[in-house]
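Read the structure below first, then the notes.
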Amino acid sequence: MIQHQLTDFHPLSHMYPCLLHSLTGCYCPGCGGTRAVAYLLTGKWLRSFWYYPLVPAVFVWYAVFMVTYTIEKLTHGKISVGVRYHDAWLWAAIVVIAANCAVKNLALIFAGYAMIP
């Protein structure tokens, strides 16, 4: 019985609506993020990318970061392949967030197309 309850759990059915979207009808910069994480965790990468492109991108970047630093630590620095932090990563994330928000709101306002149901 417990296993059945765990496999029937759908995280998207337990979400609260976005406050900004409820009040204004426009999407906030974070709209779609929770859905994207839920879809990523269930293996639906393309759907995750559709709702919030930064979520799968950060997941891949984090995996590469952890693997390369693990290799570097295990070899005591003899193989220096660790991905380094640069402010450019942060600025790229900000650009993706802004572009994602702009595209969703422009599609909603000018075409009447709701990218997040």
Side-chain angles (χ1 to χ4, degrees):
M1 178 112 177
I2 293 174
Q3 184 180 10
H4 185 282
Q5 289 174 346
L6 291 177
T7 57
D8 285 344
F9 177 72
H10 299 286
L12 298 179
S13 64
H14 301 286
M15 290 181 18
Y16 293 104
C18 173
L19 182 62
L20 182 71
H21 184 68
S22 297
L23 295 174
T24 66
C26 292
Y27 298 118
C28 74
C31 275
T34 305
R35 291 172 195 251
V37 170
Y39 284 123
L40 184 71
L41 293 175
T42 58
K44 297 174 183 169
W45 287 72
L46 289 177
R47 190 167 282 187
S48 174
F49 185 81
W50 172 262
Y51 280 110
Y52 207 79
L54 194 60
V55 169
V58 167
F59 176 78
V60 169
W61 183 86
Y62 180 74
V64 169
F65 178 84
M66 293 304 290
V67 168
T68 58
Y69 262 96
T70 300
I71 292 169
E72 193 168 311
K73 290 293 183 182
L74 289 175
T75 62
H76 301 289
K78 292 178 185 173
I79 301 175
S80 181
V81 293
V83 176
R84 305 285 182 242
Y85 170 79
H86 298 284
D87 285 342
W89 294 111
L90 179 63
W91 287 107
I94 292 170
V95 167
V96 170
I97 291 169
N100 182 47
C101 184
V103 166
K104 286 179 182 170
N105 281 314
L106 290 173
L108 182 65
I109 293 167
F110 293 111
Y113 180 70
M115 295 179 77
I116 301 174

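The first residue of the sequence shown is numbered 1, and numbering continues consecutively from there. In this text, all values refer to a predicted model and were calculated from it rather than measured experimentally.
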Please indicate whether Leu46 has more than 12 foreign heavy atoms, meaning atoms of other residues, nucleotides or ligands, lying under 6.0 Å from its CG.
no
Tyr85 atom OH, over 12 foreign heavy atoms within 6.0 Å
yes
Contact summary for Ile109 and Cys26, nearest pair of heavy atoms:
CD1-SG, 4.3 Å
Minimum heavy-atom distance between Pro56 and Pro53, given as atom pair plus value:
CD-O, 3.4 Å
With Tyr39, which of Tyr51, Phe49, Phe59 fulfils ring-ring contact (aromatic ring centres under 6.0 Å, His included)?
Tyr51
Rounded distance (nearest 0.5 Å) linking atom [atom1] of [X] with atom [atom2] of [Y]:
X     : Y      : atom1 : atom2 : value
Ile79 : Thr68  : CD1   : OG1   : 12.0 Å
Tyr27 : Ile116 : OH    : CD1   : 5.5 Å
Cys31 : Asn100 : SG    : CG    : 9.5 Å
Leu19 : Cys28  : CG    : SG    : 9.0 Å
Glu72 : Thr70  : CD    : OG1   : 10.0 Å

Under a 4.5 Å side-chain heavy-atom rule over Ile, Leu, Val, Met, Phe, Trp and Tyr, are [X] and [Y] clustered together?
X     : Y     : value
Trp50 : Val37 : no
Ile94 : Val96 : no
Trp61 : Val67 : no
Leu41 : Val60 : yes

Flag the pair Leu108 / Tyr113 as yes when at least one side-chain heavy-atom distance between them is below 4.5 Å, and no otherwise.
no
Within-4.5 Å side-chain heavy-atom neighbours: Tyr52 and Lys104:
yes
With Met115 as reference, evaluate Asn105, Val103, Leu106 under the side-chain contact (heavy atoms from CB on, under 4.5 Å) test and give the passing residue.
Val103
Would you call the rings of Phe65 and Tyr62 parallel, tilted or perpendicular, taking 30° and 60° as the class edges?
parallel
